[in-house]
Amino acid sequence: MSRTALALLAFLVLATPALAADERPVTLPLASGKTVTGVVESADAKEVVVRLGPDQVRRIPWSQLAPLGVYRVKDALAPVADGQARLELALLAVDLGLYVQARTEFEKALALGALRQKAFLKFVLQAERDAVESGVRQALKAADSGDWDRALEMARDLKMHFGGAPNAASIDKLIAELIKRVRDLKKAAERESKELERVKVDAERNKEILRRRTKAVGQIEQGRKEAERAAAARETGNVTRSRKYAEAADKAFMGARRDLGRLRRIVPREASGYREIISLLNQLDRDHFALLHDTAWFFWEQTVYS
């Protein structure tokens with residue numbers, strides 16, 4: 001190949017825009033949380049033109065783009081090998097709060113000669129400080145709103161990307177604070193769980209107390225009625241009826257005794273209902289003893305049983 005041909009080829013390579021980079025599809029996050037993927041063709045003061053397919057173009061107002069979407073549009077349109085363009089993109093990323101991207105662009109600007117080492121270090125250190133301060137605030141805000149997964153994820157990202165920042169101690173403090181909060185929440189949740197369990201147990205116990213008390217009182221009343229019928233049968237000397245009613249009364253009294261005995265064990269002694277249970281038991285003892293005593297003497301006097 002002649003020198004003229006080589007010179008012409010070199011001119012064409014240098015003069016031709018970097019179409020390969022421009023033609024790569026990019027994913028643009030929107031403020032709504034959705035994304036748009038396509039090739040950024042152009043942008044003006046109002047909107048961005050994105051080619052989604054061979055015959056499909058979408059115009060997106062700048063206001064509908066998330067900060068990362070704005071950065072990616074500018075990145076797609078900026079010359080790859082232009083140091084000043086990369087520096088401007090780095091400063092834009094700082095303004096957008098995209099500190100990881102900003103540091104990357106500062107490094108490109110340094111490599112392309114748009115920044116001196118001293119200025120580069122100044123920019124990067126300030127960006128790292130801002131990244132840590134902003135990240136800590138956002139993580140704590142997420143934690144305050146109850147989004148613990150997001151808060152911990154942000155803390156991990158800060159530690160990974162900015163663990164060497166001048167104020168990196170704030171990241172360690174953040175992580176310690178989040179861990180403490182999580183532990184405190186866990187302890188509070190355990191306390192609440194125990195309290196709920198206690199309330200549940202108390203509710204079940206109260207239901208049992210009410211059920212057994214109602215049943216015991218009903219059995220005592222039934223036993224007294226059967227005992228009165230047994231007494232009436234004894235007055236007429238009817239052995240069969242007196243035995244039948246006495247056995248029915250004894251069965252009701254025994255049932256009441258079982259329920260009251262259970263209540264005496266589960267009702268706290270300091271509770272107001274405990275004295276009532278003891279009073280019912282004492283009265284039941286008297287009624288039950290009177291029934292059995294009078295029935296036994298009746299059978300003896302009638303010489304029914306030896």
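This structure is a prediction, so every number in the text was calculated from the model and none was measured.
The line from CG of Leu121 to CD of Gln126 is 13.0 Å long, rounded to the nearest 0.5 Å. The distance from atom CD1 of Ile175 to atom NZ of Lys159, rounded to the nearest 0.5 Å, is 5.5 Å. Note: Leu284 CG to Gln219 CD = 9.5 Å, rounded to the nearest 0.5 Å. If you take CG on Asp157 and CG on Leu152, they are separated by 11.0 Å, rounding to the nearest 0.5 Å. Interatomic distance, Gln222 CD to Lys251 NZ, rounded to the nearest 0.5 Å: 10.5 Å. The CD1 atom of Ile171 sits 11.5 Å away from the CE atom of Met154 when rounded to the nearest 0.5 Å.
Note on Asp147 versus Lys141: no salt bridge recorded, every NZ/NE/NH1/NH2 to OD/OE distance being 4.0 Å or above. Ion pairing of Lys108 with Asp82 is absent here, as no side-chain N (NZ or NE/NH1/NH2) approaches a carboxylate O to less than 4.0 Å. Note on Asp259 versus Arg211: no salt bridge recorded, every NZ/NE/NH1/NH2 to OD/OE distance being 4.0 Å or above. Ion pairing between a basic and an acidic side chain is recognised when a charged N comes within 4.0 Å of a carboxylate O; Glu228 and Arg224 show no such pairing. Of the charged side-chain nitrogens involved, at least one lies within less than 4.0 Å of a carboxylate oxygen, so that Glu177 and Arg181 count as a salt-bridged pair.
Between Leu260 and Leu263 the shortest side-chain heavy-atom distance falls below 4.5 Å. Thr35 is not listed as a side-chain neighbour of Leu28, based on a closest heavy-atom distance of 4.5 Å or more. Annotation: side chain of Glu276 is in contact with side chain of Arg213 (closest heavy-atom distance under 4.5 Å). Side chains of Arg257 and Asp285 form a contact here, defined as non-hydrogen atoms less than 4.5 Å apart. Within the 4.5 Å cutoff, side-chain heavy atoms of Asn282 are placed close to those of Arg286. For the pair Leu87 and Gln84, the minimum side-chain heavy-atom distance is below 4.5 Å. You'll find the side chain of Arg72 reaches within 4.5 Å of the side chain of Pro29, heavy atoms only. Put simply, the side chain of Val40 reaches to within 4.5 Å of the side chain of Val48, judged on heavy atoms.
Arg156 places no side-chain N or O within donor-acceptor distance of the main-chain N or O of Ala151, the cut-off being under 3.5 Å. Without hydrogens or angle criteria, Ser134 side chain to Ala131 main chain gives no donor-acceptor distance under 3.5 Å. Under a 3.5 Å cut-off, the side chain of Glu226 and the backbone N or O of Ala249 do not form any donor-acceptor pair. Judged by distance alone, with hydrogens and angles left aside, the side-chain atoms of Thr214 form a donor-acceptor pair with the main-chain N or O of Leu210 at under 3.5 Å. Of the possible donor and acceptor atoms, none in the side chain of Asn238 sits under 3.5 Å from a partner among the backbone N and O of Ala233. Within the 3.5 Å criterion, the main-chain N or O of Asp44 finds a donor-acceptor partner in the side chain of Trp62. Under a 3.5 Å cut-off, the side chain of Asp75 and the backbone N or O of Tyr71 do not form any donor-acceptor pair. A distance-only check finds no donor-acceptor pair linking the side chain of Arg116 to the backbone of Leu110 [under 3.5 Å]. Between the Thr295 side chain and the Leu292 main chain, no donor and acceptor come within less than 3.5 Å of each other.
Shown here for Ala155 and Leu174, the closest heavy-atom pair between the two residues is CB-CD2, 3.9 Å. In this structure, Ala143 and Trp148 approach most closely via the heavy-atom pair CB-CZ3, 3.7 Å. Heavy-atom minimum distance, Asp250 versus Leu291: N-CD2, 3.6 Å. When all heavy atoms of Phe299 and Val239 are compared, the pair lying nearest together is CE2-CG1, 4.0 Å. The two atoms that bring Val36 and Leu30 nearest to each other are CG2-CD1, 3.8 Å, heavy atoms only. Of all non-hydrogen atoms in Ala109 and Arg86, the two that sit nearest each other are N-CB, 4.2 Å.
Hydrophobic clustering of Ile, Leu, Val, Met, Phe, Trp and Tyr side chains at less than 4.5 Å, counting indirect connections, unites Ile209 with Ile220. Connection of Val132 to Val124 is established within a shared hydrophobic cluster, with ILVMFWY side chains joined at heavy-atom distances below 4.5 Å, either directly or through further cluster members. Residue Leu91 is not grouped with residue Leu68 when hydrophobic side chains (ILVMFWY) are merged at heavy-atom distances under 4.5 angstrom, including chains of intermediate members. Note on Leu125: it does not cluster hydrophobically with Tyr99, by side-chain heavy-atom contacts below 4.5 Å among ILVMFWY residues. A single hydrophobic cluster is not seen to contain both Leu89 and Val94; linkage of ILVMFWY side chains at heavy-atom distances under 4.5 Å, directly or through other members, places them apart.
More than 12 heavy atoms of other residues, nucleotides or ligands shown are found within 6.0 angstrom of CZ on Arg205. Heavy atoms of other residues, nucleotides or ligands lying less than 6.0 angstrom from CH2 of Trp297 number 12 at most. Under a cut-off of 6.0 angstrom, the local environment of CD in Glu190 is crowded, with over 12 non-hydrogen atoms contributed by other residues, nucleotides or ligands. Open room surrounds CZ on Phe289; 12 or fewer heavy atoms of other groups in view lie less than 6.0 Å from it.
Judged as a salt bridge (Lys or Arg N to Asp or Glu O under 4.0 Å), and not counting sequence neighbours, the contacts of Glu208 are Arg212, Arg262. Legend: residues meeting salt bridge (Lys or Arg N to Asp or Glu O under 4.0 Å) with Glu41, ordered by chain and number and at least two apart, are Arg51.
Counting only N and O atoms by type, the side chains of Arg241 and Tyr245 include a donor and acceptor under 3.5 Å apart. Side-chain contact annotation: Thr37 with Thr27, donor-acceptor N/O pair under 3.5 Å present. Between the side chains of Gln101 and Glu105, not a single donor N or O lies within less than 3.5 Å of an accepting N or O.
Remark: aromatic rings of Phe120 and Phe106 are distant, center separation not under 6.0 Å.
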Checklist entry - Going through the checks in order, is the side chain to side chain contact (heavy atoms under 4.5 Å, CB included) test met by Leu52 and Val57? => result CA-CA 6 Å; Leu52 306 180; Val57 174; over 6 Å; no
Item to check | Audit row: Lys244, Arg229, side chain to side chain contact (heavy atoms under 4.5 Å, CB included) steps and yes/no | outcome: CA-CA 9 Å; Lys244 174 185 175 182; Arg229 291 173 181 171; over 6 Å; no
Item to check | Val100 vs Phe162, side chain to side chain contact (heavy atoms under 4.5 Å, CB included): CA-CA, chis, key distance, verdict | outcome: CA-CA 9 Å; Val100 174; Phe162 301 105; 3.7 Å; yes
Checklist entry - Is there a salt bridge (Lys or Arg N to Asp or Glu O under 4.0 Å) between Arg243 and Glu247 once you walk through the steps? => result CA-CA 6 Å; Arg243 177 177 178 175; Glu247 288 179 347; 3.0 Å; yes
Checklist entry - Can you check side chain to side chain contact (heavy atoms under 4.5 Å, CB included) on Arg103 and His161, steps first, answer last? => result CA-CA 10 Å; Arg103 184 168 56 188; His161 294 295; 4.0 Å; yes
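Applying the salt bridge (Lys or Arg N to Asp or Glu O under 4.0 Å) definition to pairs two or more places apart or across chains, none involves residues 263-272.
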